[in-house]
Protein chains: 2
Amino acid sequence: MSALDSRSGSGATPRRTRAAEPEPASVTLQDVATEAGVSLATASRALNGGSRGVRPENLARVRDAAARLGYVPNASAQATAKGSTQTVALVVSDVADPYYSAVAAGITDAAEANGLVVTMTVADRSPRRELELARGLRGHRPQIIVIAGSRINDSETEQELIDELAQYRATGGRVVLISQPGLPFPTVTVDDTHGAEMLARTMVQAGYRRYAIICGPDRIKTSLDRCKGFTTGLRASGIETDEQILIRTRFTRSGGYDAARELVERGLGDIELIFAVSDTMAIGVMTALRDAGLEPGRDIAVAGFDDISSASDVVPALTTVAVPLREAGSEAVRLGLSGEEAHPVHIPTTVHVRESTPRAPASGRSPTGPSV
Amino acid sequence: MSALDSRSGSGATPRRTRAAEPEPASVTLQDVATEAGVSLATASRALNGGSRGVRPENLARVRDAAARLGYVPNASAQATAKGSTQTVALVVSDVADPYYSAVAAGITDAAEANGLVVTMTVADRSPRRELELARGLRGHRPQIIVIAGSRINDSETEQELIDELAQYRATGGRVVLISQPGLPFPTVTVDDTHGAEMLARTMVQAGYRRYAIICGPDRIKTSLDRCKGFTTGLRASGIETDEQILIRTRFTRSGGYDAARELVERGLGDIELIFAVSDTMAIGVMTALRDAGLEPGRDIAVAGFDDISSASDVVPALTTVAVPLREAGSEAVRLGLSGEEAHPVHIPTTVHVRESTPRAPASGRSPTGPSV
DNA sequence: TTGAAAGCGGTACCAT
DNA sequence: ATGGTACCGCTTTCAA
């Protein structure tokens, strides 16, 4: 019987001896070391330390013991000892929203590919909550904190958030923002402006000349950018300002509905295409048109932005701009890991032409639409 | 100056400043204690220990110091010291899938309400990956591990997964499964069977008598349950078996499309309503009908299951059964926290009647449909 | 190579 | 109430 009880003072086994265990306690590295007949340090090196400097024989011994005991290293203990974790923290506004869940998917993809685990929190579209979460997350000492939210002008909590994140960064953390440029941190943004511009150019090429543009409140940057981008594209294609009508409404489906109804009521005139700055709004537009007896895609064309799944399910399928949110998510992780203090990274968007905007002059089918 | 620092950064890093500026290294509880002029122990009690047994004056001192220094407790250190974390681990098949993102939303809701943070991982619909993740997650010692996946008969990894989870549970962890009954752990399931049955009854009441049922492979439990539930409902409402046609296909949109086309090709006969076991399939069905020159909702009724967002965007809006996945998620956390070794918890579903199944005999609008 | 031991940032028991 | 201190489980010098 080897007398190598190196544990704390007492000669008794550290674990309970005979009493019934209320809590089994999980296998520790020390257990593995003992089982393998090596020291704690060696066991640690064998299981982690890259196995460098451990005699092959011992290496095998330790690995065997670990497997036999079902040992899993305690991540928290590793983190305290090393001073760094293997996690990336994510703050989104709402997981159930396809926009954010796509981003989250991209982030988990990239994170897992790098051996990181994602801790996800939901800010519920509240800047204050976002701040609280950032603070709490700091306690977990993640390698990266990614915040994907629709920044709204709220300078009050904004400064606090910046301070919080700055403090996190000061201790070695990396912050990456998604779609909320203007803050002093590396940012990944979707190229809304350019996407909208390309859509406009494509529509003009398809033969449309007179437009109604339905957008949301200007303080929502996403909406503003898409709106501006679209008009820029029209102008660049030679469409005059007096051939465009601009309507401002809520950034929701019913906002789109109401705007389209208003449009119909005051007379569509010779408008050929209605562009709504989000697919959701565009779907509201379609509904309103139908309710007014107009058939979208036949009587009047409609286009949206985002390429949500409904966009291709709707009839006629909606022409829109696909936003690679998943890529935006992965890119955020990449950016965080790379340490670059890069300028805003722009994620390109893609125009998808579908049945809601048939090629105006010709009578053929839509020329580009990939899926229906 | 006490020379006991052998850390990497050399002794140059001052442990405390004389005035009020934060340090480059992150603030520790010891820093706060020193700043407040109390012991580590007291600081710990003041900041956590429930403030019981700390003189109000010191309590304030410590809290002030903490705030001044921007102290945030190190979650990993707390976890190692306490032996338990404040996290719930979630394994989903695919975050981007609305089904799972809804579940995830419910879980984060409930978790955050209980002061827990969620670590989310994606199994990518692979049972093997699910197993690996479960193992890795165990290392984080979460309070609960929730697995939301579509269990498929894969007894190979299944046993390994059970072993892994059992080991986790043996050390005090809680396991909760969502929608994959049959495993020896607390489970939350959606009441597919009953929902389908209610849908059938509702449709019969609405006047439909002859049905086609399109379902997926029987090994997908969800599909099977819905299929069975529907036929049970029909039978209970007095619909004879020879008034039903059953078609088996893939559990996808194109599966629905193909099945409906086949149906049309071999003659719809006097079929009045097509029920597809998922909305996605139902949308495929609608497309196929249209392609065959039939107008869904007018020439023939269509119903689905899930109430995905497209269901209400499609025209005509799809009659379906809403599945409260978000509630299923919250319920899972509740179940995990409660410690009940409950029988499977069933989450009830709700029938939503919309335009795709107009009340057959009468000519009025749909009687129940809440939203359009 | 290997083991002993000093932490990492906290918690909690034990005297005082 | 408060401070001293023995851990928690693991990493990483430092000597041997």
Side-chain angles (χ1 to χ4, degrees), chain A residues 4-10 14-15 23 25-34 36-59 61-62 66 69 71-86 138-141 171-172, chain B residues 2-10 15 25-34 36-62 66 69 71-86 138-141 171:
Chain A
L4 39 72
D5 201 346
S6 61
R7 294 290 275 195
S8 55
S10 70
R15 302 269 165 257
E23 286 165 23
S26 52
V27 181
T28 76
L29 184 57
Q30 177 63 67
D31 296 334
V32 176
T34 306
V38 299
S39 75
L40 217 204
T42 300
S44 174
R45 283 184 285 249
L47 260 23
N48 286 285
S51 75
R52 57 165 210 188
V54 176
R55 202 192 320 161
E57 186 192 321
N58 278 345
L59 209 165
R61 253 184 165 57
V62 174
L69 267 38
Y71 169 75
V72 177
N74 181 320
S76 296
Q78 287 190 149
T80 30
K82 297 212 248 214
S84 72
T85 64
Q86 291 290 77
R138 201 145 75 76
H140 287 79
R141 308 286 191 276
T171 63
Chain B
S2 55
L4 42 75
D5 229 345
S6 59
R7 297 293 281 182
S8 53
S10 82
R15 250 341 186 186
S26 66
V27 182
T28 77
L29 185 57
Q30 178 63 68
D31 296 333
V32 176
T34 306
V38 300
S39 75
L40 216 204
T42 299
S44 175
R45 280 185 287 250
L47 261 22
N48 286 284
S51 74
R52 57 169 207 185
V54 177
R55 202 193 320 162
E57 187 192 318
N58 277 344
L59 210 167
R61 253 184 164 58
V62 174
L69 268 38
Y71 169 75
V72 178
N74 182 319
S76 297
Q78 287 189 152
T80 30
K82 297 214 254 216
S84 72
T85 63
Q86 292 288 78
R138 201 146 76 75
H140 286 80
R141 307 287 191 274
T171 62

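The sequence lines fix the lettering, A, B, ..., with proteins before strands; numbering per chain opens at 1.
Counting only heavy atoms from C-beta outward, the side chains of B/Leu47 and B/Pro73 never approach each other to under 4.5 Å.
Across D/dG3, C/dG9, C/dG3, the shortest atom-to-atom separation from the side chain of A/Arg45 is found for C/dG3. Nearest nucleotide to the A/Ser39 side chain, out of C/dG3, D/dT11, D/dC8: C/dG3. Taking only side-chain atoms of B/Ala41, from C-beta outward, the nucleotide of C/dT11, D/dG3, D/dT11 with the closest atom is D/dG3. Nearest nucleotide to the side chain of A/Val54, out of C/dG9, C/dG3, C/dT2: C/dT2. Relative to the side chain of B/Lys82, the nucleotides D/dT12, C/dC8, C/dA12 differ in distance, and C/dA12 lies closest. Here the side chain of A/Gln78 is nearest to one of D/dT11, C/dT2, D/dG3, namely D/dT11.
Checking the phosphate oxygens (OP1, OP2) of D/dT11, a side-chain nitrogen or oxygen of A/Ser44 falls inside 4.0 Å. OP1 or OP2 of D/dT2 lies within a sub-4.0 Å distance of a side-chain N or O belonging to B/Asn58.
Mapped onto DNA chain D by nearest heavy atom, A/Thr42 and B/Arg55 fall at different nucleotides, with B/Arg55 at the one closer to the 5' end. With the nearest nucleotide of DNA chain D identified for both B/Leu40 and B/Thr80, B/Leu40 has the one nearer the 5' end.
Scanning atom types as modelled, no donor and acceptor separated by under 3.5 angstrom connect the side chain of B/Arg141 and the base of D/dG9. A donor and an acceptor atom never sit less than 3.5 Å apart when one is taken from the side chain of B/Thr28 and the other from the base of C/dG10.
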Evaluate side chain to side chain contact (heavy atoms under 4.5 Å, CB included) for B/Asp31 paired with B/Tyr71, printing each intermediate quantity in order. CA-CA 9 Å; B/Asp31 296 333; B/Tyr71 169 75; over 6 Å; no

Side chain to side chain contact (heavy atoms under 4.5 Å, CB included) between A/Asn74 and B/Arg141: does it pass, once the steps are laid out? CA-CA 7 Å; A/Asn74 181 320; B/Arg141 307 287 191 274; 3.9 Å; yes

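Remark: side-chain polar atoms of B/Ser44 are not paired, donor with acceptor, to backbone N or O of B/Leu40 under 3.5 angstrom.
When rounded to the nearest whole Å, the span between CG of B/Asn74 and C1' of D/dG9 equals 14 Å. A straight line from CG of B/Leu29 to P of D/dT5 spans 17 Å, rounded to a whole angstrom.
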